[in-house]
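Structure first, then comments.
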Amino acid sequence: MILSPTSAPLHRRYLAADRPFLGICIGLQTLFESSEETPGVAGLGVIPGTISRFEGRSAAVPQIGWNGLSPWRSSPLLGVDEAACRAWSAADDTGASGKKLYFVHSFRAAVTDANREWVVATTDYDGSPFIAAVQRGNVAATQFHPEKSGELGVALIGRFLAAATRVAAGEEGALACGAAAAGPWVDAPTRLARRVVACLDVRSNDDGDLVVTKGDQYDVREKGEGGAVRNLGLPVELARRYYEEGADEVCFLNITAFREMPLDEQPMLEVLEGAAASAFVPLTVGGGIRDYTDSAGKSWTSLDVAARYFRAGADKISVGSDAVRAAQDYYAAGKTCSGASCIEQVARVYGSQAVVVSVDPRRVYVASPEDAPDKHVVALTAEHRFGPAGERFAWYECTVRGGREGSGLDTNALAKACEALGAGELLINCVDEDGQKRGFDVDLIGDLCAAVGIPVVASSGAGTPEHFADVFKATRAEAALAAGIFHRREVPIAAVKAGLGAAGVEHRGVADA
Ligand code: 1PR
């Protein structure tokens with residue numbers, strides 16, 4: 001499609017005039033001719049090709065996490081030339097195989113002969129390379145999110161803005177990249193890192209201050225009569241500390257939202273705005289995301305609530321109690337989707353990759369699978385997980401209201417329903433292991449990883465760096481989350497990453513700049 005610099009709409013004229021442009025994620029995909037994600041809607045057609053969905057042959061879809069780049073040519077924007085490119089794939093001191101950037105998408109552009117001249121770099125996922133960065137003249141775009149890719153990404157944006165300023169001042173070639181190439185300089189496939197997530201359970205303490213707290217099997221108060229809410233720090237300060245220490249994501253959970261109305265909880269919006277201004281990694285927020293009527297009688301949909309969180313700086317929202325209700329409705333309606341659930345509303349507008357379901361299972365022990373014929377029973381493999389009478393089997397009941405109420409629904413059924421409803425990721429807590437520091441419940445995590453094709457985040461029970469390597473070696477979980485050991489400074493994130501390197505688990509290095 002030839003773009004006419006005069007007759008086309010403004011955005012087309014801007015691109016046709018080769019003015020400095022940096023597209024991010026959907027901003028890259030829009031440059032192509034069309035996308036399977038929006039049949040019948042034409043792209044800008046600047047780059048030949050159609051965007052297509054990952055097939056999920058050998059990896060979870062969406063791709064969520066930090067993956068490497070295979071540069072094809074020098075690029076001032078990416079900050080790579082042929083010599084520096086090798087640094088991109090060289091292992092760092094924690095054993096991470098090269099620098100990584102943050103991707104979160106279900107669709108991608110494949111390299112074709114017709115678009116090869118645009119390709120600056122590719123990345124490998126789900127068994128094949130896809131286009132990670134394009135450029136021609138001053139028009140550039142990346143599939144990854146530089147604004148969420150730590151110092152590496154912040155530096156890339158800085159280089160783009162500086163070069164764009166020089167181009168605007170008449171300096172030709174300030175953004176120019178090397179000549180088009182036939183393929184990557186380094187023929188080693190890139191690998192997706194397993195993510196280390198820091199989780200901040202947030203609530204008001206007895207003085208009304210919003211603090212980060214931590215439960216012990218979901219009990220966040222100090223032991224003893226009238227115990228105060230544990231105060232482990234301030235949310236924005238802790239989020240910045242974890243970012244600086246190398247956390248790959250930060251997750252905020254408003255753990256009293258099921259009692260108060262979330263948007264009356266304005267402080268959570270301020271927490272997100274503060275964190276987004278200083279922690280340049282993905283932020284997830286959960287707690288209270290559901291349809292509700294506020295204290296003034298105004299009705300808000302889940303989408304309204306989620307939209308406020310996204311505008312405040314969240315990249316993903318997490319749904320807990322409302323996901324259980326949605327799953328129960330799904331089964332009650334004969335495994336059909338109503339379109340009305342929070343998961344469906346938000347996934348339809350923002351994409352599945354923005355919707356996390358946070359599950360709060362607890363074990364219900366049975367002597368044998370036959371004792372729970374209508375439940376998905378899991379065989380327990382570690383003595384500390386056996387029941388009080390030595391039971392080696394359990395089904396996992398979803399709880400709601402922060403672990404306070406059972407739902408009767410088993411977690412395996414919930415996971416399948418939420419995937420069908422459009423959730424993009426599962427965050428699997430475990431009430432029994434929360435705060436116990438005995439390691440993640442790999443029986444539960446492995447069972448759910450086998451049940452769904454979306455990414456899984458293991459949560460609850462981390463006590464040592466080895467526990468992270470254990471869950472990544474035992475299951476395909478794409479991420480592992482911890483709270484207590486980070487808040488109490490018992491285990492540094494760098495120690496977790498070094499442990500992953502020693503165990504040969506792909507991860508993102510701590511110093512990514
Ligand atoms: O139900 O949509 O309003 O969401 C409420 C959210 O808040 C849910 O994601 C639920 O898991 C969470 N939540 C509610 N009450 C508590 C509590 O602790 N009293 N947090 C709570 C549950 C799970 C993680 C925890 C990990 C790691 N905690 O946040 O941090 O288990 O802990 P560890 O590393 O110290 O073992 P909705």
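Read the numbers this way: they start at 1 and go in the same order the structure lists the ligands and their atoms.
- Taking every non-hydrogen atom of Ser358 and a distance limit under 4.0 Å, the qualifying atoms of ligand 1 come out as 8 (C), 9 (O), 11 (O).
- With respect to the salt-bridge test (charged N to carboxylate O, under 4.0 angstrom), the residues Arg308 and Asp304 do not qualify.
- A heavy-atom distance below 4.5 Å is found between the side chains of Glu37 and Gln29.
- Heavy-atom separations between Leu481 and ligand 1 include at least one value shorter than 4.0 Å.
- The distance from ligand 1 to the heavy atoms of Ser460 drops below 4.0 Å at these ligand atoms: 26 (C), 27 (C), 31 (O), 36 (O).
- Residue-ligand proximity, Gly288 to ligand 1, at heavy-atom distances under 4.0 Å covers atoms 2 (O), 3 (O), 37 (P).
- Here Ser321 has heavy atoms under 4.0 Å from ligand 1 in both its backbone and its side chain.
- The distance criterion of under 3.5 Å between nitrogen or oxygen atoms is met by Asp201 with respect to ligand 1.
- Below 4.0 Å from some heavy atom of Gly484 lie the following atoms of ligand 1, by number and element: 33 (P), 34 (O), 35 (O).
- With respect to Arg194 and Glu478, no salt bridge is recorded, no charged nitrogen being found less than 4.0 Å from a carboxylate O.
- Under 4.0 Å is where a charged nitrogen must lie from a carboxylate oxygen, and between Arg53 and Glu36 no such pair does.
- Under the 4.0 Å criterion applied to side-chain N and carboxylate O atoms, Asp248 and Lys497 are assigned as salt-bridge partners.
- At a threshold of 4.5 Å between non-hydrogen side-chain atoms, the residues Thr190 and Leu69 do not count as touching.
- A cation-pi geometry, defined here as NZ or CZ lying under 6.0 Å from the six-membered ring centre and within 45° of its normal, holds between Lys375 and Trp395.
- Arg221 and Asp206 are joined by a salt bridge, as a carboxylate oxygen and a charged side-chain nitrogen come within less than 4.0 angstrom of each other.
- The contact set between ligand 1 and Asp360, taken as ligand atoms under 4.0 Å from a residue heavy atom, comprises 8 (C), 10 (C), 11 (O).
- Ranked by closest heavy atom to atom 5 (C) of ligand 1, the top entry among Gly320, Ser302, Gly287 is Gly287.
- Every atom of ligand 1 with a heavy atom of Gly461 under 4.0 Å away is listed here by number and element: 36 (O).
- Within the structure, the closest approach of Gly435 to ligand 1 falls below 4.0 Å when heavy atoms are considered.
- Residue Ala482 has no N or O atom closer than 3.5 Å to an N or O atom of ligand 1.
- The closest non-hydrogen atom to atom 7 (O) of ligand 1, taken over Ile255, Val431, Val357, comes from Ile255.
- A salt bridge links Glu425 to Arg195: at least one charged side-chain nitrogen sits closer than 4.0 Å to a carboxylate oxygen.
- In the vicinity of Gly402, heavy-atom distances shorter than 4.0 Å reach the ligand 1 atoms 14 (C), 15 (N).
- Every atom of ligand 1 is numbered from 1 in the order shown, and the set under 4.0 Å from a heavy atom of Ser459 is 26 (C), 27 (C), 31 (O).
- The option with the heavy atom closest to atom 25 (C) of ligand 1, from among Val319, Asp434, Leu200, is Asp434.
- Remark: Glu245 engages Arg241 in a salt bridge, criterion side-chain N to carboxylate O under 4.0 Å.
- Under 4.0 Å from ligand 1, the heavy atoms of Cys199 that appear belong solely to its side chain.
- Phe54 has its side chain out of reach of Pro62: every pair of non-hydrogen atoms, C-beta onward, lies at least 4.5 Å apart.
- Checking Ile317, Asn429, Thr213 against atom 24 (C) of ligand 1, the nearest heavy atom belongs to Asn429.
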